[in-house]
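Residue numbers begin at 1 in each chain, while the letters A, B, ... track the order of the sequences.
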Amino acid sequence: MKLGDLVRLALSRLGTGKLRTALTMLGVIIGVASVVALVSVGQGATAGINSRLQGLGTNLLSIIPGSTTTGVTRGALGSVTTLTIEDATALATLPDVAGVAPELASQRLVVAGDQNETTTVIGTSPAYPLVFAYSMWQGSFLTQASVDHALRVAVLGNATASNLGVGPSSIGSTIDISGLPFEVVGIMQPKGGIGFQNPDDEVLIPVTTARDLFVGTDSVRTIGVSVASAKQMDAATAEITALLDQRHGIGAGGTPDFTIQNQAQLLSTVGSISTLLTVLLAGIASISLVVGGIGIMNIMLVSVRERTREIGIRKAIGARGRDVLLQFLFEALMLSVAGGMIGIVLGVAASAVIAVIAGWAFTFNPLTVIVSVVFSLIVGVVFGVWPASQAARLDPVVALRYE
Amino acid sequence: MSEPIIRLEDVSRVYDTGKVLVPALVDVDLTIDPGEFVAIIGPSGSGKTTMMNILGCLDRPTGGRYILDGTPVEELDDDGLAAVRNRSIGFVFQSYNLLPRTSALENVATPLAYQGVGRRERLARAQAVLEALGLGDRLHHQPTELSGGQQQRVGIARALVTEPALLLADEPTGNLDSRAGAEVIELFRRLHASGRTIVLITHDPDVAAAAERQVHIRDGRIAA
Ligand SMILES: Nc1ncnc2c1ncn2[C@@H]1O[C@H](COP(=O)(O)OP(=O)(O)OP(=O)(O)O)[C@@H](O)[C@H]1O
Ligand SMILES: [Mg+2]
């Protein structure tokens with residue numbers, strides 16, 4: 001029998017028992033859909049983590065107030081106010097440190113002409129672009145002089161600038177932050193990124209200005225430290241710990257009141273955990289694919305039994321064992337592949353919905369589709385071949401006599 | 001004199017039930033020439049169906065030689081037997097044995113599909129045979145939508161579509177009323193008149209009378 005005839009035969013057969021066909025395919029549909037969705041979710045999460053990794057400054061250490069070194073929680077991280085601008089200034093003198101950027105942040109209403117927006121206003125140092133991997137688009141960043149003299153100058157994140165209608169021609173113009181006039185000295189390049197916080201929506205002013213005008217205290221939310229090279233991370237961590245211990249009067253064995261985070265390390269750990277979870281979940285999902293395959297095998301065995309006489313007739317009019325084998329194998333393949341296709345559609349739809357909810361970019365990976373189709377083909381062959389060979393081996397005389 | 005189409009030499013078929021050996025055919029010698037219309041007649045349990053299975057290459061003899069159209073059947077493997085059934089033999093069954101949920105046209109075309117004949121050609125050939133048997137207006141009916149006599153004519157069309165050397169019919173009128181049965185016998189007579197070789201198996205002497213030669217079988221042996 002020709003390929004086209006086998007396909008037509010299998011399709012017409014599946015069309016005669018639509019409910020049975022649908023129920024039989026359900027196992028494969030669920031299996032493939034969950035594998036596709038889980039892999040896509042995993043990839044989305046990993047892509048998100050990777051883009052955050054790229055957005056991080058080179059060799060970044062983040063120092064935050066509060067301790068995580070004891071098992072006992074002593075107030076939420078960041079709720080304590082133990083790090084100061086002076087700490088940041090002192091850290092800048094350490095040999096392995098290339099740049100230090102404190103962050104003194106608050107939410108402020110920013111007005112430019114007739115546009116306004118409430119956004120994060122961060123007081124920081126000239127090292128900020130180096131530490132957090134920004135580059136300038138227009139104008140220049142804050143200078144040391146502007147920090148020393150607490151000048152009212154501001155650098156806008158790219159998204160903030162476009163939200164406020166501030167373009168290249170507006171360098172040198174004036175904006176209002178909480179009603180106070182600031183001179184726009186620069187606009188940064190967009191960094192892009194994912195997640196809930198847009199890294200391009202912020203306004204940067206000298207840390208001293210922020211302290212004097214907006215926050216009123218010395219304590220900072222974070223201090224970002226850029227270490228000179230990746231090899232010096234450990235040395236830098238030790239130096240920072242020693243210096244801050246000394247400045248905060250923490251003796252040997254005492255509990256530090258700050259925490260040093262290596263964000264890149266943290267994120268790559270999270271990344272590998274998420275990859276592991278993805279693999280694990282996809283593995284569990286593929287078990288349901290196997291269960292779906294067993295469902296197909298079960299139905300095919302029943303079908304061979306029910307159609308024993310048909311098999312006898314076919315053999316009497318000239319079907320070889322191979323023809324009968326292929327006929328039943330194609331039916332199993334149609335079930336599994338059609339189930340796989342529907343599963344892919346459902347899985348892709350589910351992952352698109354999840355991507356929207358989770359706020360990461362939906363990526364459609366054709367490889368997932370190819371792998372799923374191949375997998376359903378394999379399921380069809382593995383679980384179809386035994387019933388089909390049962391059919392092919394039937395003795396025509398016995399099969400014709402079967403009621 | 002041409003080569004016979006069927007030559008059975010000392011053919012026997014013993015069923016092994018595990019406990020006892022049942023000899024269903026014993027030392028059968030039979031020769032059928034091309035163009036003959038032969039009825040094999042015998043009482044129930046005499047071995048008619050066993051004979052038909054062997055003649056039709058659905059089953060193999062346990063002893064003796066069967067030469068079909070010059071080919072010794074014992075030399076063929078299972079695929080070889082399937083090919084012989086497909087090309088050289090047309091079966092007509094007592095219970096029609098049409099494929100369920102399949103139109104008359106598709107039923108008749110199926111043997112050609114196993115020959116690898118393209119779909120367009122085989123449907124055309126199937127339609128021609130059905131029309132010749134007066135079923136031109138029933139092409140797209142399914143077996144359940146046809147009368148017994150019509151189903152049997154579809155079965156005969158399916159047996160004829162491959163132009164087989166031998167038409168084998170096992171009790172073809174067994175499930176039909178006398179009128180439909182008579183029509184089928186009349187059809188066989190016409191096919192014989194047009195030169196076909198027909199072997200008809202029956203227990204009914206009236207049906208057997210339609211053939212030009214009767215072979216009587218009793219307890220697995222050919223009675224003179
Ligand atoms: N598969 C089998 N196993 C064992 N014995 C069998 C088998 N098939 C047939 N027989 C025996 O072989 C003998 C001939 O059977 P067969 O079916 O050929 O008879 P038949 O002439 O066709 O009878 P009927 O007119 O009732 O159809 C019977 O005695 C039967 O019991
Ligand atoms: Mg019988």
Side-chain angles (χ1 to χ4, degrees), chain A residues 1-21 299-300 302-331 334 388-403, chain B residues 13 15 24 49-50 52-54 56-60 76-103 106-120 122-123 142-143 155 157-162 164 168 170:
Chain A
M1 245 192 177
K2 290 183 177 163
L3 190 70
D5 294 330
L6 288 166
V7 171
R8 190 176 302 111
L9 206 57
L11 283 177
S12 73
R13 170 68 197 172
L14 299 186
T16 59
K18 293 201 179 62
L19 182 62
R20 183 198 259 206
T21 303
I299 286 297
M300 291 309 295
V302 171
S303 181
V304 168
R305 199 138 241 272
E306 283 175 352
R307 290 154 72 196
T308 300
R309 197 177 180 91
E310 178 195 327
I311 295 163
I313 297 169
R314 289 185 179 278
K315 288 198 153 185
I317 62 178
R320 292 162 300 177
R322 186 187 337 156
D323 295 316
V324 174
L325 180 95
L326 287 177
Q327 181 187 342
F328 281 85
L329 196 57
F330 265 69
E331 280 182 26
M334 291 283 162
S389 71
Q390 299 269 306
R393 274 205 301 268
L394 279 173
D395 178 348
V397 174
V398 175
L400 274 173
R401 211 184 289 135
Y402 189 87
E403 287 308 320
Chain B
R13 177 65 170 95
Y15 291 111
T49 297
T50 306
M52 143 108 172
N53 289 341
I54 286 176
C57 295
L58 289 165
D59 196 9
R60 295 168 187 275
L76 297 173
D77 61 8
D78 284 353
D79 281 0
L81 288 185
V84 168
R85 292 196 294 269
N86 187 223
R87 288 164 191 278
S88 307
I89 294 166
F91 284 99
V92 179
F93 300 95
Q94 175 173 355
S95 48
Y96 328 127
N97 276 344
L98 300 180
L99 297 173
R101 289 177 298 275
T102 307
S103 71
E106 291 283 357
N107 256 292
V108 174
T110 301
L112 296 175
Y114 289 118
Q115 284 182 11
V117 175
R119 183 169 168 77
R120 195 187 297 262
R122 63 178 194 254
L123 290 182
Q142 302 206 346
R158 184 179 63 188
L160 291 174
V161 76
T162 57
L168 265 181
D170 188 4

Student: Between atom CG of B:L168 and atom SG of B:C57, what is the distance when rounded to the nearest 0.5 Å?
Tutor: 9.0 Å

Student: Which residues in residues 81-90 of chain B have any heavy atom closer than 4.5 Å to a heavy atom of chain A?
Tutor: B:A82, B:R85, B:N86

Student: Given the side-chain rings of B:F91 and B:F93, with only the six-membered ring counted for Trp, is the space between their centroids under 6.0 Å?
Tutor: yes

Student: Could you grab the distance from atom CZ of A:R309 to atom CZ of A:R314, nearest 0.5 Å is fine?
Tutor: 14.5 Å

Student: Considering only distance and modelled atom types, tabulate donor-acceptor pairs under 3.5 Å from the side chains of residues 2-10 of chain A, sequence neighbours left out.
Tutor:
| unit_1 | atom_1 | unit_2 | atom_2 | d |
| --- | --- | --- | --- | --- |
| A:K2 | NZ | B:G116 | O | 3.1 |
| A:D5 | OD1 | A:R8 | NH1 | 3.2 |
| A:D5 | OD1 | B:R122 | NH1 | 3.4 |
| A:D5 | OD1 | B:R122 | NH2 | 2.8 |
| A:D5 | OD2 | B:R122 | NH1 | 3.0 |

Student: Nearest 0.5 angstrom please: A:R320 CZ to A:L326 CG, how far?
Tutor: 9.0 Å

Student: Using a 4.5 angstrom heavy-atom cutoff, name the option from B:N97, B:L99, B:T110, B:L58 with the most pairs to chain A.
Tutor: B:N97

Student: For the interface with chain B, which of A:R13, A:R322, A:M1 has the highest count of heavy-atom pairs at distances below 4.5 Å?
Tutor: A:M1

Student: How long is the straight-line distance from CD of A:E331 back to CG of A:L11, given to the nearest 0.5 Å?
Tutor: 9.5 Å

Student: About how many Å separate CZ of B:R158 and CG of B:L112, when rounded to the nearest 0.5 Å?
Tutor: 12.0 Å

